[in-house]
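Scroll down for the structure; my scribbles are underneath it.
What you see below is based on every heavy atom in this structure, not just the backbone, and it leaves out hydrogens, waters and symmetry mates. Proteins come first, then strands; the chains are lettered A, B, ... in the order of their sequence lines, and each starts at number 1.
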Amino acid sequence: MFILGFLCRRLFQGIVIIFLVTFLIFTLLRVVPGDPARLIVGGMAPDEVVAEKAKELGLHDPIPLQFVRYLGDLVQGDLGNSFIRPKSGASFGGSAYDDPTRGERAEVLGLIVDHLPLTLQLAALAILFSLLISLPLGIAGGLNPGRWQDRLAFFSGSIFVSVPNFWLGIVLSLLFSVKLGWLPSIGYKGFIYTVLPALVLAIEVAPFVIRTLTVSLAQVMQEEFIAIAPIRGLSRWRIVMAHALRNASVPVMNLFGIQLGTLLGGVLVVEYIFDYPGLGLLTINAVLQRDFPLIQGIAICISAIFVIINIIVDLAATAVDPRLEY
Amino acid sequence: MPAGEVILDVRDLSVSLEGSAAGQRLLEGVSFKLEAGEILGIIGEAGAGKTVLARTLVNGLSEPLRVSGGQVVYRSRDLIALPRKELARIRGNEIGYIGANPTGSLDPTVSIGQQILEKLRAVQPDLSKAEARERVLEVLAAVRIPAPATRFHEYPFQFSGGMMQRVMIVDALVTNPTFLVADNITQSLDVTVAAQIIRLIRELRERFSTAIVFISSSLPMVCDIADEILVMQGGRIAEKATPEAITGRPKHAYTQSLLERLPRIWGPEIEAPRTTTASDLLRVVDVAKTYRVRRKGSFAAYNDVQAVRGVSLTVGEGENFGIVGESGCGKSTLTRLLAGLEAPDRGKIEFQGKDLGSLKGSALVEMRRSFQLLLQDPYGSLPARMAVGRIIAEPLLIHRTCPKKEIRERVLAAMAEVGLDPALENQLTVGLSAGQRQRVSIARALVLEPKLLILDETLSALDPVEQSKLLELFARLQRDHGFTYIFISHDMALVRKVCHRIAVMYLGRVVELAANQSLFENPGHPYSRALLSAVPTLDDHPFKTRDHLLEGEPPSPVDIPRGCTFRSRCPIAVEACGETDPETVPWSSDSMVACHLAGAAGLGGPGDPGVRHEGESHAQSA
Ligand code: SF4
């Protein structure tokens, strides 16, 4: 019962957030300089063609009207077509769509669906790597506050945080791809291509996890119920594994919800460096090309991801700590 | 196990603080023996080393404390020297431990049943899961936790302090230990709940034949429960004797001083403070306050928490008025209403004939100055980075009632009045003792020349000596300035000593409002009697726990039952109680009681057999 109410409330909130994001992006894109119609037909086209294209796209209508039209399409799952990308060129592109006037350009939804899985794969691997790095460091630090393990966690965190991701990306690909030849680094031809970018991302996220885990674990270890536990007859192993980590995991989960933005920002840079064909690269190109419908589509998609991940994080945190049920 | 077998032999035990230059000793040369089934009480003031001793007995000291000498021999094995592995087999299994803070003793994210089960299976691995579960449920029922099968799955935060302490008792007793260390287990509990726990411990001791080391700072409580008592002072044993010997002919000077400082509540020589008051200062008419709280786990449902439900009272000028009751009775909400921090939903509060609700702007600010609230924890309410003199001057600066030049004069005068050294003027509050900090906050209230001081548990954190000094100060201020005090407290002894009239609150209502003498000698409401019966005292107690103590806890202020709210626990309830909420009616010449049976024949107070019998049969059927 609780779950249902919770989901309803959060989904409703999420829809409101997505709506606001859509509106904001939509308006911003209309007021920045640059004529989309000119972009589509090309720099050499005569002015009448541009005007006709603009009329066809409804670019002269008032912005609220355009927005309503856009929303109307959106609820039907139509995110519009890219201004720039030809359907043929994007061979990975879209489902069949046989409207002759629009078919020549790639569908935004199709573009996103094609690029998103690669980014999700990258993010998942990055989170896995970051956990592999930060769990041992964070747990050792949290269990031994003030000792060398704590300092090790602190120092490694400080180092990771001060390494710029683009620099790390270049160094790692020089080392592993050029020198050692262990891992490929540019483009994407298979799962192995995800490893290096994921590593760079992981190192960017890890310091936050290490810090949060160290602090919250050290705090939990101070709690009365941990101090009492050995007297009650529990073994050290059980106390740490079943109780201390359980309690310390809640702030770490919340951290992931909060740090999602950092992760996404990192994705942009990392995909660009490694020429990794995910959502980040798509975004950068869309922005450079002023491909308004694509930018809008990506923005909506990302805000939806934000909403969903935060709901999942909250559900998971509540499952661990029932006091959070609110 | 044969009675008289020595199961615990503590020999010349010393504990020191590691790293301190002098190797400061917290325990020194403590020796005693505990026999099977015996209850050994340990008494002493804060800092006497009681808790250190409790932890040492289970080899549970943590850094920087260290056993620097002696042995704790449990059945011929020295627990201190025992290897970890062997200790693990004994501790938690044959030795139980219950601490002072039940709400923090279990993992807040795992259900209590699961945790007790986990513990039981950790120390008795041969037990099957089903058997262990069975056993946990059985002991949960034995400590009278209602609906054990449901509560098994609930989390620590869903339990009240008293219920949680029962859970911890289950946790300790589920393995059927040979001996149990109970360290200050009633410290955080309300009096009636504490009395219930004590009664329970005594019962369980018969049933489980466990030897108990019972540690407390309340002498009457220890005398009540223990077979033998150790009096501790400064880490040493001052005296060891039976309760009768301790109270009758104490040998050690320290024990004597403990006894002398014990507040007296009943006795022929006790004189209740009286006052002759002319005019009313504060009139509270039928005030109510309800809070809306979103219901847990729901979408848009709200609970109405009825914190205060129609309270009327008047406080006379120059009077000491007491408000007593247990956690959740609404006294803190009432305090907030009286102090004008919140407005009541209904009813009105009149101060010197003016309705606070109708005052606006400067008139309200002016009025606010006349009553000041003093809180329990002066530490939290004093800014840390401000000098003492500045803190006291602050209200004057805010209210701008006093010319700049005179401020310092007024501050110094106030400091002198409350007995603060003028040299403290430019110091921060960090180094001050609790009593001094409380004086700072009194001085801060004083500079505004208030008429009414509301003391919300103001004295409960202080030790008895400091407490009585402040009481003297309050009395002097009253003589000099004609102050009126409202004492909000759970401490019946304090209320008995200083208050002229007392209101007893239960679930948001005043169930009895009586003059001091009437309340303590001839209480009209069954709840007042229960409250009085639970007060630990060595005095000849007119209300025996056996006769008047209640089981259970107050219902939630969310679903208040129909009729008298006390009915679910009332030992003398009659049919009418379930129908209508009783009006407040006069009970004796100077008391008012909200009970249907007040004034009716048969409610003869203590020891009326007919009434009690009826009550018991009701309690069983409920
Ligand atoms: S009205 Fe009834 S239930 Fe309430 S206190 Fe009096 S006798 Fe008990």
Side-chain angles (χ1 to χ4, degrees), chain A residues 1-13 143-147 216-254 314-326, chain B residues 54-55 57-63 84-85 87-111 114-116 118-125 153-158 168 171-172 174-175 177 181 183 293-301:
Chain A
M1 208 48 235
F2 158 72
I3 294 280
L4 262 183
F6 174 84
L7 277 183
C8 284
R9 197 168 68 235
R10 293 302 298 270
L11 280 178
F12 175 74
Q13 283 173 3
L143 291 182
N144 301 286
R147 301 242 281 274
S216 66
L217 187 60
Q219 227 166 44
V220 173
M221 291 305 288
Q222 297 289 320
E223 297 274 347
E224 173 105 6
F225 69 89
I226 297 286
I228 293 271
I231 301 175
R232 291 178 56 230
L234 299 191
S235 65
R236 169 98 179 156
W237 173 258
R238 263 216 85 88
I239 296 169
V240 172
M241 286 302 161
H243 298 291
L245 278 183
R246 187 184 165 89
N247 277 272
S249 70
V250 174
V252 177
M253 283 192 267
N254 288 330
D314 284 358
L315 273 182
T318 317
V320 171
D321 188 347
R323 281 174 303 174
L324 298 173
E325 233 178 70
Y326 61 95
Chain B
R55 284 283 170 105
L57 291 184
V58 292
N59 191 3
L61 286 183
S62 50
E63 284 171 26
R84 252 185 192 287
K85 272 234 169 89
L87 180 65
R89 234 172 284 148
I90 301 177
R91 197 163 64 173
N93 189 13
E94 295 173 44
I95 304 175
Y97 177 89
I98 311 172
N101 170 19
T103 40
S105 295
L106 287 184
D107 184 341
T109 66
V110 182
S111 74
Q114 215 54 50
Q115 293 192 64
I116 302 176
E118 177 192 18
K119 171 213 153 125
L120 180 56
R121 304 244 298 150
V123 295
Q124 299 184 357
H153 298 287
E154 289 182 8
Y155 295 88
F157 70 93
Q158 290 165 301
M168 293 319 293
D171 186 77
V174 74
T175 56
V181 178
D183 180 16
V293 197
R294 239 231 349 274
R295 196 178 298 164
K296 257 182 203 296
S298 77
F299 187 40

Which atom names give the shortest non-hydrogen contact between A:F225 and A:V220, and what distance separates them? CZ-CG1, 4.2 Å
What part of A:R232 gets closer than 4.5 Å to chain B, counting heavy atoms only: side chain, backbone, both or neither? both
Looking at B:S105, B:S111, B:A122, B:P156, which makes the most heavy-atom pairs under 4.5 Å with chain A? B:S105
Are more than 12 heavy atoms from other residues, nucleotides or ligands located less than 6.0 Å from atom CZ of A:R246? yes
Is any side-chain heavy atom of A:Q13 less than 4.5 Å from a side-chain heavy atom of A:R9? yes
Is it the side chain or the backbone of A:I231 that comes within 4.5 Å of chain B heavy atoms, both, or neither? both
Against chain A, label B:Q115 side chain, backbone, both or neither, depending on which of its atoms sit under 4.5 Å from a heavy atom there. both
Among B:R91, B:Q158, B:R84, who wins on heavy-atom pairs under 4.5 Å with chain A? B:R91
For residues A:L245 and A:L217, report the shortest heavy-atom separation together with the two atoms involved. CD2-CD1, 4.1 Å
A:A244, part contacting chain B, at a heavy-atom distance under 4.5 Å: neither
Are the side chains of B:Y97 and B:L57 in contact, using a 4.5 Å heavy-atom criterion? no
Under 4.5 Å from any heavy atom of chain A - which part of B:D171: side chain
I need the residue from B:G96, B:P108, B:A172 with the largest number of non-hydrogen atom pairs under 4.5 Å to chain A. B:P108
Just so I understand: if I count every heavy-atom pair under 4.5 Å between each of A:P230, A:A229, A:A227 and chain B, which residue has the most? A:P230
Would you call A:D314 and A:N254 a side-chain contact if the rule is heavy atoms closer than 4.5 Å? yes
Is chain A contacted by the side chain of B:R55, its backbone, both, or neither, given a heavy-atom distance below 4.5 Å? side chain
Is there a side-chain contact between B:Q124 and B:K119 (heavy atoms, below 4.5 Å)? no
